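Since the structure is predicted, the reported quantities are computational estimates derived from the model, not experimental observations. Only this structure's heavy atoms are used, side chains among them; waters, hydrogens and symmetry mates stay out.
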2 protein chains.
Amino acid sequence: MKSTIKDVASLAGVSVKTVSRVINNEPNVRPAMQDKVNKAVAELNFKRNPLARGLRGQNSFILTLLYSNPNPSYVLELQNGAIEQANNDGYNLQILPCDHTNENLIDNIESIITHSSQDGFLLTHPLCDNEDIIALLDKNNIPFVRISPFHQEHSSPYVLSDDKQAAYEITKYLISLGHTDIAIIKGHPDFGATHKRYEGYLEAMNEMNINVDDALVKQGQFTFESGEVCARQLLTQDHKPSAIFASNDYMAAAVLKIAAQMHINIPANLSVVGYDDAPVSRQIWPSLTTVKQPIYDIAKHAVQKLIRHIKKQEFDDVQSKFQCKLVLRNSTSPKL
Amino acid sequence: MKSTIKDVASLAGVSVKTVSRVINNEPNVRPAMQDKVNKAVAELNFKRNPLARGLRGQNSFILTLLYSNPNPSYVLELQNGAIEQANNDGYNLQILPCDHTNENLIDNIESIITHSSQDGFLLTHPLCDNEDIIALLDKNNIPFVRISPFHQEHSSPYVLSDDKQAAYEITKYLISLGHTDIAIIKGHPDFGATHKRYEGYLEAMNEMNINVDDALVKQGQFTFESGEVCARQLLTQDHKPSAIFASNDYMAAAVLKIAAQMHINIPANLSVVGYDDAPVSRQIWPSLTTVKQPIYDIAKHAVQKLIRHIKKQEFDDVQSKFQCKLVLRNSTSPKL
DNA sequence: TTGAAAGCGCTAACAC
DNA sequence: GTGTTAGCGCTTTCAA
């Protein structure tokens, strides 16, 4: 049977409180006592009952990861990093998928936070830019950490990857290959990443004094289908690009499809870059030059930040910024 | 503040036990009482504290989804279905990723089940064919439902999709297009699905009296890279196939890559089919003819089965089998 | 530095 | 049909 704190106490010949002190690393316990308790804990293979702990104390040691994101590999990497770190720190992670376009979103979330007990929230974009959600968490005094927010006014801590810088670099890379007619397919306007990536693109173009023709800027939605539409426009209009920066890999894959249908050789006659290093970027031919965000590390760090925030212990910067990595593959080549 | 059962009791002017009876739908409460309690519950927006409930009762209302699977879209669909159904039935779902190749797998799982409280496990393949895990759960008397097991001897309930039938159908489809030199790239031998899909292929070939040349049967690993290796062999050896059945979409995508490099036109000169309806099957050109498993429904059903199993209430079949759907896209065409 | 006792919110057991 | 009481395993007073 499962051992309880009482079992440990009687085996060690001390009071339950002393056991509690030892397992919680509280001060004021003599080393001799600690040894006795630790031995008993080991012998009985004792672990605290998290339910009882949560019921008694004011914290449940449950962290909630709230997301609304159609990118499975992104979400899974986020989950894995967050679970890893949470477990390391003695927390459980509750996974909470939701749909940011759902009308009842706020009500759903409210029902969850009012009637279960989580110590904190991890909010991914685009949810972390939703003012109603933020207001709700603030109202209920629930600590949260935002992952990749676009708006950064709020005083809560956040973690992000330097999307603008990465977009700048990948655009510079295309320019370094000799391209000047570089089109961009933007992402969904609700996502902060969309704007940051566009800014990085613009900065690189401006810095190199390359004029950005409006006709080379297309509004996508981050979906494969939107990528197809934009690619078809770009490759049939008067001003045709020699390189296309798609704001994610799904849309970049769509460019490859349209190019194949039009018998445009990639990368010989058209260079294409994506963003995210999604599985498809490796599963397609030519494989995509793209940008890899350190999602796993971001998630781990966000959990650490959240726990610090919950414990109000150490001082921590409000912002943590992670650098992305360019991944050079086969969809780009020097301009002929 | 959060309301408790006591608040409800005093507002309704009844005892806590009566409130407990009402919120748990127990019998022997007069309608008038029920009304009073329900009104108070609504007014206070009361919800049970799951921690207290779990601590007191012998069940925690936590179900654990244990998986070890490199396919993000599969895992996420599974999660979503399971979460949906669990929440509907008043359970929480704990997500537990693990690595089936990890040496300490059993110890890790044992540490989890010994010292936290879950009412039941959902086991996906290949974990559900791991005898050590099954023995561990049996030893601890934890109910579990297996998802897509290969070995079906164990008496615990399981849910699966009819992989053999789907593989049979997609092979028949290729045959119906006039193909006879149909190669198969098998999946990782540790996965039950690998064998079922191979069986379905063999059955279709045998039924149509088509001899299966060993040279057309390649051992893959479900990875893109293994698909590349097999495709290169198939397309360079003496006996070249006119159609290839890859046991999943990743490997099918790899076939497309190798074919592109060898300037083999798909589907005109080579038909390719995959399995799983993974995102890549839509993000690649030509898009893949493949098989869609009803993963979401399988997950929901598995949760229902698990809850019934936990409650030992209704009789339920040990096996639930779901049919897959052929998805016809652009990677297949009649043999020239 | 240590321990006894109370109680978190709920449900099971038992009384009425 | 309804209420009282005990106690799940733990941590938090507060006293020693």
Could you check if a side-chain atom of Thr124(B) sits within less than 4.5 angstrom of a side-chain atom of Leu66(B), using non-hydrogen atoms only?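 No - every pair of side-chain heavy atoms lies 4.5 Å or more apart.
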Check: Gln79(B) and Leu76(B) side chains under 4.5 Å, non-hydrogen atoms: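 Yes; the side chains approach each other to less than 4.5 Å.
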Let me know the distance between [atom1] of [X] and [atom2] of [N], rounded to the nearest Å.
{"X": "Asn24(B)", "N": "dA12(C)", "atom1": "CG", "atom2": "C1'", "value": "11 Å"}
{"X": "Asn25(B)", "N": "dT11(C)", "atom1": "CG", "atom2": "P", "value": "12 Å"}
{"X": "Lys36(B)", "N": "dG1(D)", "atom1": "NZ", "atom2": "P", "value": "15 Å"}
{"X": "Ile5(B)", "N": "dG7(D)", "atom1": "CD1", "atom2": "P", "value": "19 Å"}
{"X": "Asp35(A)", "N": "dT2(C)", "atom1": "CG", "atom2": "P", "value": "12 Å"}
{"X": "Glu26(A)", "N": "dG3(C)", "atom1": "CD", "atom2": "P", "value": "14 Å"}
{"X": "Leu51(A)", "N": "dT11(D)", "atom1": "CG", "atom2": "P", "value": "13 Å"}

Interatomic distance, [X] atom [atom1] to [Y] atom [atom2] [nearest 0.5 angstrom]:
{"X": "Ile106(A)", "Y": "Asp132(A)", "atom1": "CD1", "atom2": "CG", "answer": "4.5 Å"}
{"X": "Lys17(B)", "Y": "Asn24(B)", "atom1": "NZ", "atom2": "CG", "answer": "7.0 Å"}
{"X": "Ile23(A)", "Y": "Asn38(A)", "atom1": "CD1", "atom2": "CG", "answer": "10.0 Å"}

Out of [options], which has the shortest distance to the side chain of [X]?
{"X": "Arg30(A)", "options": "dT2(C), dC8(D), dT4(D)", "answer": "dT2(C)"}
{"X": "Arg53(B)", "options": "dG9(C), dC10(D), dT11(C)", "answer": "dT11(C)"}
{"X": "Val29(A)", "options": "dG1(D), dG9(D), dT2(C)", "answer": "dT2(C)"}
{"X": "Ser20(A)", "options": "dT12(D), dG3(C), dG1(D)", "answer": "dT12(D)"}
{"X": "Thr4(B)", "options": "dG9(D), dT1(C), dG9(C)", "answer": "dG9(C)"}

His100(A) and Phe191(A) aromatic ring geometry - parallel, tilted or perpendicular at 30°/60° bounds: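 If you compare the ring of Phe191(A) with that of His100(A), the planes turn out perpendicular.
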Just say parallel, tilted or perpendicular for the rings of Phe322(B) and His301(B), cut-offs at 30° and 60°.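 The rings of Phe322(B) and His301(B) stand perpendicular, inter-plane angle above 60°.
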Tell me which of Leu55(B) and Lys17(B) sits closer to the 5' end of DNA chain C, going by the nucleotide each one is nearest to.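 Comparing both residues, the 5'-ward one is Leu55(B).
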Would you say [X] reaches [N]'s phosphate, i.e. side-chain N/O to OP1/OP2 under 4.0 Å?
{"X": "Asn28(B)", "N": "dG1(D)", "result": "yes"}
{"X": "Asn49(B)", "N": "dC8(C)", "result": "no"}
{"X": "Thr18(A)", "N": "dT2(C)", "result": "no"}

Distance-only donor-acceptor test (3.5 Å): side chain Arg21(A), base dT1(C):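 Result: no qualifying N/O pair found.
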Just do the side chain to side chain donor-acceptor pair (under 3.5 Å) check on Ser161(A) and Lys321(A) with the steps written out, would you? CA-CA 5 Å; Ser161(A) 59; Lys321(A) 194 180 262 188; over 6 Å; no
Enter the inter-axis angle for the ends of the helix from dT1(C)-dA16(D) to dC16(C)-dG1(D) (five pairs per end, rounded to 10°).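 Between the axes fitted at each end of the helix from dT1(C)-dA16(D) to dC16(C)-dG1(D) lies an angle of 40°.
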Judged by each residue's nearest nucleotide on DNA chain D, which is more toward the 5′ side, Val16(B) or Arg56(B)?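 Checking each residue's closest nucleotide, the 5'-ward one belongs to Val16(B).
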Nearest-nucleotide 5' precedence on DNA chain D, Ala52(B) against Ile23(A):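 Nearer the 5' end of the strand: Ala52(B).
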